[in-house]
Amino acid sequence: MNTAQPTRKKRKQRRRFSWRKTLCLFLPLFMFIGLCIVMCVPHEKEHDIENTPVLKLGRNATVHDLEVDTVSRYLRKLDSMPEPTKRIKVNYFGNLRPFFNDSNYIHWNEAEKIGIQPLTDTRSHWQLKRPIVKVTTNPDFYLDTLIFSRPYLVPEAAAALHEIGHRFRDTLNMRGGGDYRIKVTSLLRTPKTVKRLRRRNRNAVDSSVHQLGTTFDISYASFIANSAEHPRSIDDLKGILAEVLKAMREEGKILVKYEVGQPCFHITACKPKTTKVVKKKK
């Protein structure tokens with residue numbers, strides 16, 4: 001007869017919760033997450049306004065001279081046009097449509113001489129036969145927010161745009177007009193952006209000259225006011241801009257189309273004319 005008493009099973013002892021061990025376990029994970037957050041948060045850097053480069057165009061300007069990054073002081077502007085406005089001397093020459101009525105056919109023929117082939121996809125950006133330069137806000141003009149275009153032009157068009165803005169500001173300064181800049185609303189387009197734009201803008205066509213990088217639009221219904229010291233009206237500023245465009249068109253530098261549905265001047269740069277030097281016979 002077995003008189004041995006049955007043995008009892010030992011209960012498993014539960015481990016006590018330790019804050020120290022838990023902290024040591026999750027501390028590396030928390031540090032890694034915190035480091036990622038710090039690296040992902042953007043930090044604003046203050047620009048050195050006194051040492052910022054200023055673009056100066058000369059007769060021997062190169063492609064690299066036209067491609068300058070935007071600096072903070074050129075982005076500063078008033079939120080709205082100052083009022084009440086005062087009149088300024090403007091040489092009006094009547095209705096602008098007869099003076100600026102170059103057709104799209106004429107624009108395209110001229111643009112083919114200095115323009116690029118339309119960009120079909122992303123890879124075609126690296127297969128350009130001609131160089132293009134980046135266009136940014138600067139002392140001569142203000143670049144509006146671009147939706148259906150890209151901030152690039154061929155060097156001749158970029159130089160023409162700078163000249164328009166420079167002559168506009170010079171004319172204003174000579175007449176005591178104040179500190180204003182023109183607003184550029186459209187630059188280089190691709191076939192895809194043209195297709196999207198045609199759904200909203202009736203003036204847009206499939207054969208848009210903007211695809212060649214030689215054409216840009218300047219608004220005549222909106223200007224950039226840098227200071228409220230000399231308030232001027234939109235009509236007077238538009239008249240001065242028209243004077244500049246008329247003079248440059250007569251000089252053979254640009255072609256201009258006065259758009260009505262979209263309030264802007266549609267401008268294409270022309271191929272620079274080369275003057276032949278005639279040698280005198282001795």
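Note that the numbering runs from 1 along the sequence shown for the chain.
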Quiz prompt | Neighbour count >12 (heavy atoms, 6.0 Å) for atom CD, Glu251 | solution =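 Result for CD/Glu251: enclosed.
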
Taking the side chain as everything from C-beta on, heavy atoms only, tell me whether [X] gets closer than 4.5 Å to [Y].
{"X": "Ile132", "Y": "Ile116", "value": "yes"}
{"X": "Tyr258", "Y": "Asn101", "value": "no"}
{"X": "Leu212", "Y": "Pro118", "value": "yes"}
{"X": "Thr85", "Y": "His230", "value": "no"}
{"X": "Ile224", "Y": "Tyr180", "value": "no"}
{"X": "Pro131", "Y": "Pro155", "value": "yes"}
{"X": "Leu245", "Y": "Ile254", "value": "yes"}

Self-check item: Of Phe216, Phe168, Phe141, the residue whose pairing with His162 passes ring-ring contact (aromatic ring centres under 6.0 Å, His included)
Solution: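 It is Phe141, the one option of Phe216, Phe168, Phe141 that forms the ring-ring contact (aromatic ring centres under 6.0 Å, His included) with His162.
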
Which heavy-atom pair separates [X] from [Y] by the least distance, and what is that distance?
{"X": "Pro151", "Y": "Leu143", "answer": "CB-CD2, 4.0 Å"}
{"X": "Pro263", "Y": "Ala221", "answer": "CB-CB, 3.8 Å"}
{"X": "Leu96", "Y": "Lys238", "answer": "CD1-CE, 3.6 Å"}
{"X": "Asn226", "Y": "Leu78", "answer": "C-CG, 4.3 Å"}
{"X": "Arg181", "Y": "Pro139", "answer": "CD-O, 3.3 Å"}
{"X": "Arg232", "Y": "Lys86", "answer": "NH1-O, 3.1 Å"}

Gap between atom [atom2] of [Y] and atom [atom1] of [X] - 0.5 Å precision:
{"X": "Glu229", "Y": "Ser227", "atom1": "CD", "atom2": "OG", "result": "5.0 Å"}
{"X": "Ser233", "Y": "Glu83", "atom1": "OG", "atom2": "CD", "result": "10.0 Å"}
{"X": "Phe148", "Y": "Thr190", "atom1": "CZ", "atom2": "OG1", "result": "11.0 Å"}
{"X": "Ser186", "Y": "Asp144", "atom1": "OG", "atom2": "CG", "result": "10.0 Å"}

Quiz item: Under 3.5 Å, is there a donor-acceptor pair linking the side chains of Ser219 and Lys183?
Solution: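 There is no such pair between these side chains.
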
Quiz item: Using a distance-only test with no angle check, is there a side-chain donor-acceptor pair under 3.5 angstrom linking Thr268 and Thr214?
Solution: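 The answer is no; no qualifying pair exists.
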
Quiz item: Considering the options Lys257, Arg249, His266, His107, which one meets the side-chain hydrogen bond (donor to acceptor under 3.5 Å, both in side chains) requirement together with Asp102?
Solution: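 Between Asp102 and the candidates, side-chain hydrogen bond (donor to acceptor under 3.5 Å, both in side chains) is satisfied uniquely by Arg249.
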
[Y] backbone acceptor or donor facing [X] side chain under 3.5 Å:
{"X": "His166", "Y": "Asp140", "result": "no"}
{"X": "Glu243", "Y": "Asn91", "result": "yes"}
{"X": "Gln211", "Y": "Gln117", "result": "no"}
{"X": "Arg189", "Y": "Arg150", "result": "no"}
{"X": "Ser149", "Y": "Leu187", "result": "yes"}

Practice problem: Could you give me the CA-CA distance, side-chain angles and deciding distance for Leu241 and Thr171, then say whether side chain to side chain contact (heavy atoms under 4.5 Å, CB included) is met? | Solution: CA-CA 9 Å; Leu241 176 58; Thr171 305; over 6 Å; no

Considering only NZ, NE, NH1 and NH2 on the basic side and carboxylate oxygens on the acidic side, decide whether [X] and [Y] come within less than 4.0 Å.
{"X": "Glu163", "Y": "Lys253", "result": "yes"}
{"X": "Asp179", "Y": "Lys77", "result": "no"}
{"X": "Arg87", "Y": "Asp236", "result": "yes"}

Exercise. Kindly determine whether Tyr220 and Phe265 satisfy ring pair (Phe, Tyr, Trp, His ring centres under 6.0 Å), including the steps that lead there.
Key: CA-CA 7 Å; Tyr220 59 73; Phe265 289 107; 5.3 Å; yes

Quiz item: When you look at Met81 and Leu237, which way does the side chain to side chain contact (heavy atoms under 4.5 Å, CB included) test go after all the steps?
Solution: CA-CA 11 Å; Met81 299 287 289; Leu237 296 176; 3.6 Å; yes

Quiz prompt | Pair Ile267-Thr215, side chain to side chain contact (heavy atoms under 4.5 Å, CB included): steps then yes or no | solution = CA-CA 6 Å; Ile267 303 170; Thr215 307; 5.8 Å; no

Quiz item: Can you list the steps and then say if Arg130 with Glu112 is a salt bridge (charged side-chain N to carboxylate O under 4.0 Å, His left out)?
Solution: CA-CA 12 Å; Arg130 297 216 56 225; Glu112 283 184 328; over 6 Å; no

Practice problem: Would you please test Glu259 and Arg97 for salt bridge (charged side-chain N to carboxylate O under 4.0 Å, His left out) and show each step? | Solution: CA-CA 8 Å; Glu259 301 285 356; Arg97 297 186 68 177; over 6 Å; no

